[in-house]
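Worksheet for the structure shown next.
As the structure is a computational prediction, the values presented were derived from the model and not from experiment.
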Amino acid sequence: RDLHLLDPGLSREKAQQIKQLVERCQQTGMTAVVTCRELDFVGELRLDIPQRVTIEPLDPIRIRAFVNNYIKEPPDSGDKLFWQLASENALKRWQDFVDDVGESPETFWLANKLPEGKQWGFDNWNWDYWIKERAHPRSMLTLAQTPYMLYMMTQVFTRRGEIPQNRGRLFQQFVDFLLLKRERLSQSEADNLQTKLADLAYMTQKAGESGTSFSRTDAERILGSEQ
């Protein structure tokens, strides 16, 4: 579970339990796999396991492959979603890049420089501008680097045929999908729960820096039931 969301005392207790479990597995020849966010793998949770795998964010090429494999119908829907995430301007730049440099998605999306002998625009001005543009932190592709977020985007797209470019609206549609489709709540139940969750979020905001967690009593008081 997410140790960083728990209070410090409980985090240390859970970390010790995980360490003891891993040590027991190592002593008996069993295989243990521990997963966590990279920033959490420090301090109490550092396990000194020799084999370590760091999962990298999805790059645009893998994002495009995922949406095309996931959305089969109607034809070209995967690419339609991908270019909505990348932006219409990115699509125009890609088309221009193919004309001037050649069709190389690896270079366009991942390389830091053009292949030897290639040039895009006067004194490579187009390339330099594109390098800055593709790294923009507000790009929808940045959100799509996380597999779960990308999956949620496919759910919104397959139901609505498009992805809103406003992140607030996008997350609202995520919540609608989770409550209505996954949790199978009625519209009135979902609206009521969202209102109460908003009150709970506002309470944590008012608490300032200490507002990253809340007591069970506060949660039940605002949400209205143990469930």
Side-chain angles (χ1 to χ4, degrees), residues 35 37-39 53-183 187 190 194 198 201:
T35 65
R37 295 174 176 85
E38 187 173 17
L39 293 178
V53 175
T54 300
I55 299 176
E56 298 290 341
L58 294 172
D59 60 49
I61 295 175
R62 288 177 172 83
I63 291 172
R64 189 175 186 180
F66 177 92
V67 296
N68 275 291
N69 285 325
Y70 191 91
I71 308 174
K72 297 293 189 180
E73 296 293 338
D76 300 324
S77 291
D79 263 1
K80 181 180 177 182
L81 170 57
F82 175 77
W83 288 114
Q84 284 187 21
L85 296 175
S87 80
E88 183 178 342
N89 190 53
L91 175 57
K92 292 177 180 177
R93 291 201 171 277
W94 165 245
Q95 293 167 340
D96 183 50
F97 180 86
V98 171
D99 290 340
D100 290 353
V101 181
E103 187 163 346
S104 174
E106 291 76 13
T107 299
F108 185 75
W109 290 111
L110 305 178
N112 293 320
K113 61 180 181 179
L114 289 170
E116 191 71 29
K118 296 290 186 178
Q119 185 167 318
W120 188 22
F122 178 74
D123 201 24
N124 278 338
W125 183 89
N126 285 341
W127 174 253
D128 294 338
Y129 190 86
W130 168 241
I131 286 289
K132 296 176 183 177
E133 184 178 320
R134 78 181 187 188
H136 198 290
R138 298 296 297 175
S139 166
M140 285 292 183
L141 281 179
T142 302
L143 285 180
Q145 289 177 343
T146 304
Y148 179 74
M149 295 295 290
L150 180 57
Y151 166 75
M152 291 298 293
M153 289 172 172
T154 64
Q155 301 309 302
V156 170
F157 178 83
T158 53
R159 283 165 175 77
R160 297 177 178 267
E162 62 180 4
I163 289 290
Q165 294 304 302
N166 179 290
R167 288 192 178 200
R169 291 178 182 171
L170 178 62
F171 277 94
Q172 179 63 58
Q173 292 178 16
F174 284 177
V175 173
D176 289 343
F177 168 77
L178 291 173
L179 297 184
L180 298 175
K181 300 299 181 180
R182 194 183 72 177
E183 300 301 324
Q187 187 65 61
Q194 285 193 60

Any idea which heavy atoms bring [X] and [Y] closest together, and the distance?
{"X": "Leu180", "Y": "Ala190", "answer": "CD2-CB, 3.8 Å"}
{"X": "Ala144", "Y": "Leu85", "answer": "CB-CD1, 4.2 Å"}
{"X": "Leu114", "Y": "Phe97", "answer": "CD2-CE1, 3.9 Å"}
{"X": "Glu162", "Y": "Gln84", "answer": "CA-OE1, 3.2 Å"}

Which residues share a side-chain contact (heavy atoms from CB on, under 4.5 Å) with Pro57, sequence neighbours left out
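Only Gln145 meet the side-chain contact (heavy atoms from CB on, under 4.5 Å) criterion with Pro57.
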With sequence neighbours excluded, tell me which residues meet side-chain contact (heavy atoms from CB on, under 4.5 Å) with Gln173.
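Checked Gln173 against side-chain contact (heavy atoms from CB on, under 4.5 Å); matches are Val156, Arg160, Pro164.
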Can you check whether Leu141's main-chain N or O pairs, donor with acceptor, with Ser139's side chain at less than 3.5 Å?
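Between the backbone of Leu141 and the side chain of Ser139 there is a qualifying donor-acceptor contact (under 3.5 Å).
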Hey, does the side chain of Gln165 reach the backbone of Ile163 with a donor-acceptor pair shorter than 3.5 angstrom?
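Pair found, side chain donor or acceptor close to backbone of Ile163.
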How far does [atom1] of [X] sit from [atom2] of [Y], to the nearest 0.5 angstrom?
{"X": "Tyr151", "Y": "Phe174", "atom1": "OH", "atom2": "CZ", "answer": "11.5 Å"}
{"X": "Phe157", "Y": "Leu81", "atom1": "CZ", "atom2": "CG", "answer": "5.0 Å"}
{"X": "Leu178", "Y": "Gln155", "atom1": "CG", "atom2": "CD", "answer": "9.5 Å"}
{"X": "Leu179", "Y": "Gln194", "atom1": "CG", "atom2": "CD", "answer": "5.5 Å"}
{"X": "Met153", "Y": "Tyr148", "atom1": "CE", "atom2": "OH", "answer": "12.0 Å"}
{"X": "Met149", "Y": "Met140", "atom1": "CE", "atom2": "CE", "answer": "9.0 Å"}

Crowding at [atom1], [X] (>12 non-hydrogen neighbours, <6.0 Å):
{"X": "Asn166", "atom1": "CG", "answer": "yes"}
{"X": "Arg159", "atom1": "CZ", "answer": "yes"}
{"X": "Glu88", "atom1": "CD", "answer": "no"}

Min side-chain heavy-atom separation Ile55-Thr35 under 4.5 Å:
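Not in contact.
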Table please: side-chain donor-acceptor pairs of residues 119-126 below 3.5 Å, with sequence neighbours left out.
unit_1	atom_1	unit_2	atom_2	d
Gln119	NE2	Gly121	O	3.2
Trp120	NE1	Asp96	OD2	2.8
Asn124	OD1	Trp120	N	2.8

Counting the benzene-type ring for Trp, do Trp94 and Phe82 have ring centres under 6.0 Å apart?
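Not close enough - the centres of the two rings lie 6.0 Å or further apart.
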Considering only residues two or more places apart or on different chains, which pairs with a residue in residues 125-146 satisfy salt bridge (Lys or Arg N to Asp or Glu O under 4.0 Å)?
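Sorted result for residues 125-146: Arg93-Glu133.
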Under 3.5 Å donor-acceptor pairs involving side-chain atoms of residues 59-67, not counting sequence neighbours:
unit_1	atom_1	unit_2	atom_2	d
Asp59	OD1	Ile61	N	3.0
Asp59	OD1	Arg62	N	2.9
Asp59	OD2	Arg62	NH1	2.4
Arg64	NE	Asp79	OD1	2.9
Arg64	NH2	Asp79	OD1	3.4
Arg64	NH2	Asp79	OD2	3.0

Going by atom type alone, with no hydrogens or angles, which donor-acceptor pairs under 3.5 Å involve a side-chain atom of residues 99-108 and a protein atom two or more places apart or on another chain?
unit_1	atom_1	unit_2	atom_2	d
Ser104	OG	Thr107	N	3.3
Ser104	OG	Thr107	OG1	2.9

